[in-house]
Amino acid sequence: MKIAVIGTGYVGLVLGCCLADFGNDVICMDKDSKKVEMLNNNILTIYEPGLREVFERNKGKRLFFTDDFKEAVSFAKVIFLALPTPMGKHYEADLSAIKAVARDLGRTIDGYKVIVNKSTVPVGTARLVRKIIKESLEKEADFDVVSNPEFLREGAAVKDFQNPDRTIIGTDSEKAGQIMLSLYKPVARVDKPIILTSPETAEIIKYASNAMLATRISFMNQLSHLCDKTGADIKDVAKGIGLDKRIGPKFLQAGIGYGGSCFPKDVKALIYTLKENGCSASLFEAVDEINEKQKRAVIEKLKEKISVKGSLIAIWGISFKPRTDDIREAPSIVIMQELLKNGAKIRAYDPVAVQSVKKFYPELAGRIYFAADPYDAAENTDSIILVTEWDVFRNLDFEKLKSIVKNPLIIDGRNIYDRKELEGMGFSYSAIGR
Ligand code: NAD
C-alpha cells in the first residue's frame with residue numbers, strides 16, 4: 001500500500017519505519033526540514049531500541065523522507081496524521097497542527113484518500129477533521145477519516161508496534177474499514193484483535209486507557225503515604241492486590257509520579273473534555289493533583305535527612321522512564337529545578353537523555369554537572385536520588401560507591417533497592433512507601 005505519514009516525531013517515525021517493514025511504500029513527511037535532512041542522512045532523530053535496524057532495512061527501498069507535503073499526499077492512498085497535540089493554555093488538547101494539516105489536505109487531495117488520525121485527540125476530532133477537509137476541498141475528491149489511536153510505549157515502541165495488544169480502528173466507512181483491516185493484517189492475532197468501532201468510541205478508548213493507567217499510579221502513590229506513616233510496605237501491598245486477577249499486577253508501582261509526553265497532558269485534556277461536555281471530572285482531577293505533589297516527594301524525604309541548602313546531590317536518571325531520551329514532563333526536571341532553588345548543587349547521570357536537557361532546558365543544563373557514569377555522579381555527594389530506574393543503576397558496586405560519596409544516603413524514588421542490604425553496608429536509605 002502507498003502510505004504517507006504526516007509528522008515524523010516519536011510516533012510518526014516508528015509508524016513509518018514499521019509500516020515499511022510490513023512491505024508498504026512509505027513517505028514520512030515533516031515540516032521540520034532539519035529533521036528530514038537528518039533522517040535522509042541516516043541520523044535517527046529519536047532514541048528507540050530496535051528502530052535503527054528497521055530503519056536501515058527499509059530506508060531508500062520502501063521508506064523515504066520529505067518536507068514536501070504535496071509530494072507525500074499525492075503519493076499516498078492512506079495518509080496517517082502523527083501530529084503533536086500538546087497541552088493548550090487551559091490544559092485542553094491543542095489541535096492547531098491537526099486543523100492546519102486538515103485544511104492543507106482539503107486544498108491538496110484530488111482522489112480517494114483515507115485520512116488516519118494517530119494523534120491523541122478529544123472525542124469529536126474525526127468529525128471536525130472531516131468537516132475542515134470538506135470545507136477546504138479545491139477539487140472534487142472522495143475521502144474518509146479514520147481514528148486509529150496509538151498505544152506504543154516509548155522505550156518499547158518498535159516491539160509495541162509490531163505486537164500490539166489490540167488495534168483500534170474507528171470509522172463509519174465500510175471501505176476505509178476494509179483498507180485499514182488489510183493494512184493491519186500483519187499484526188492481527190486471535191489474542192491481539194483488531195476492534196472496529198465508531199470514531200468517537202476510538203477517540204475515547206485512547207484517553208480511557210491512559211487515564212486508567214495514570215489512576216492506578218496515583219492510587220498507589222496516595223496509599224504510599226499511609227505506608228510511610230504506619231511502617232507498611234507499598235511493594236507488598238502492590239503484590240497483595242496485584243495477585244487478584246480482577247486487579248492484575250501492572251502499573252501498581254509507587255514512585256515519583258508519572259511523566260512523559262502522554263499521561264500528564266492526556267489526563268488534563270480528558271478533564272477539560274469532560275467539563276466541556278458538562279460532566280464531572282473529579283476522579284481525574286484528583287489523579288492529576290496527586291501526581292503533581294508526588295514529584296516533590298523525594299525532596300521532602302531528602303529534607304528529613306539533610307539540609308538541602310549548600311548540599312551536593314547526585315541525580316540518577318533524567319528521562320521520564322528508562323530506555324528513552326524523552327524528558328517531556330519528566331519528574332526529574334521538577335526535582336532538579338526545586339533542588340537548585342533550595343540551594344543545592346547537582347551532579348546528574350543519564351545514559352541517553354543529557355542531550356535532551358541541553359536542548360530543551362539550556363538554562364537548567366548550564367547549572368548541572370553531567371557525569372560520565374553513576375559513580376562519577378555520586379562523587380563527593382551528600383545524597384544520591386534515584387529518579388529513573390535505568391538497568392545501569394540496578395547492579396552497582398555499593399562498596400565502591402560508599403567510598404566515593406561524602407554522605408552515604410540514597411533516596412530511592414523508584415523502590416528498586418533492598419533496604420536491608422544497603423543499610424547493612426552503612427547507607428542511610430529512604431524509599432517511597434516502604
Ligand atoms: P512529536 O512532537 O515527537 O512529533 C510530532 C511531529 O510532527 C514533529 O516532528 C513536528 O515537527 C511535526 N509537525 C508538527 N506540525 C506539522 C505539520 N503541520 N506538518 C508536518 N509535520 C508537523 O510527537 P509524538 O510524541 O510523535 O506524538 C504525536 C501524537 O501521538 C500526539 O498526539 C501524542 O499524544 C500521540 N502519542 C504519542 C505517544 C508517545 O509515546 N510519544 C504514544 C501514543 C500517542
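We count ligands from 1, going down the list as the structure has it; atoms in each ligand are counted the same way. For clarity, every value in this text was computed on a predicted model and none was experimentally measured.
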Over all atoms of both residues, closest heavy-atom pair of Leu83 and Gly7: CD2-CA, 4.2 Å
Is it the case that over 12 heavy atoms from other parts of the model lie below 6.0 angstrom from the CZ atom of Phe69? yes
Please say whether Gly12 places an N or O atom under 3.5 Å from an N or O atom belonging to ligand 1. no
Would you say Asp30 has any N or O atom under 3.5 Å from an N or O of ligand 1, going by distance alone? yes
With a 4.5 Å heavy-atom cut-off, do Leu252 and Arg216 have their side chains touching? yes
Ligand 1 to Lys35, heavy atom cutoff 4.0 Å, flagged ligand atoms 8 (C), 9 (O)
When you look for heavy atoms under 4.0 Å from ligand 1, do you find them on the side chain of Cys262, its backbone, both, or neither? side chain
Applying a strict 4.0 Å limit to heavy atoms, is Arg153 in contact with ligand 1? no
Check contact between Ala100 and ligand 1, using heavy atoms of the residue and a distance below 4.0 angstrom. no
Run the side chain to side chain contact (heavy atoms under 4.5 Å, CB included) test against Ala141 and tell me which residues pass, sequence neighbours left out. Ile109, Leu137
Do Val146 and Pro199 come close enough that some side-chain heavy atom pair is under 4.5 Å? no
Beyond-backbone contact of Asp94 with Met87, side-chain heavy atoms, under 4.5 angstrom: no
For atom 43 (C) of ligand 1, grab the closest protein heavy atom and report residue, atom and distance to one decimal in Å. Glu150 O, 3.2 Å
Distance to 0.1 Å, residue and atom name: give those for the protein heavy atom nearest to atom 4 (O) of ligand 1. Gly9 CA, 3.2 Å
For atom 18 (N) of ligand 1, what's the nearest protein heavy atom and its distance? Val101 CG2, 3.5 Å
Option of least heavy-atom distance to atom 22 (C) of ligand 1 (set: Val11, Leu83, Asn117, Asp67): Leu83
Among protein heavy atoms, which lies nearest atom 32 (O) of ligand 1, and at what distance? Thr85 OG1, 2.6 Å
One finds that the ligand 1 atoms under 4.0 Å from a non-hydrogen atom of Lys265 are 33 (C), 34 (O)
As an exercise, state the distance from NZ of Lys185 to CG of Leu181, rounded to the nearest 0.5 Å. 10.0 Å
Structural part of Ser261 in contact with ligand 1, heavy atom criterion under 4.0 angstrom: side chain
Please list all pairs passing the salt bridge (charged side-chain N to carboxylate O under 4.0 Å, His left out) test where one or both residues lie in residues 353-370, with sequence neighbours left out. none
Counting only nitrogen or oxygen atoms and a 3.5 angstrom limit, does Asp266 reach ligand 1? no
Phe75/Phe64 aromatic ring centres below 6.0 Å: no
Give the atoms of ligand 1, by number and element, whose distance to some non-hydrogen atom of Met29 is under 4.0 Å. 20 (C)
Name the option, out of Arg328, Lys31, Lys118, that contains the heavy atom nearest to atom 20 (C) of ligand 1. Lys31
Quick one: are Val5 and Met29 in side-chain contact, heavy atoms under 4.5 Å? no
Who's closest to atom 44 (C) of ligand 1 heavy-atom-wise, of Thr120, Leu152, Asn210? Thr120
Hey, does the Lys NZ or Arg CZ of Arg328 hover above the aromatic six-ring of Phe320, less than 6.0 Å from the centre and inside 45° of the axis? no
Aromatic contact, Trp316 with Tyr349 (centres under 6.0 Å): no
Check each atom of ligand 1 against the heavy atoms of Lys206 and keep those under 4.0 Å away; list them by number with element. 43 (C)
Cationic tip of Lys175 within the cone over Tyr112's six-membered ring, i.e. under 6.0 Å and within 45° of the normal? yes
Between ligand 1 and Tyr10, is the shortest N or O to N or O distance under 3.5 Å? yes
Which residue owns the protein heavy atom closest to atom 5 (C) of ligand 1, what's the atom, and how far is it? Pro84 CD, 3.5 Å
Per-atom filter on ligand 1: closer than 4.0 angstrom to a heavy atom of Glu154 are 39 (C), 40 (O), 41 (N)
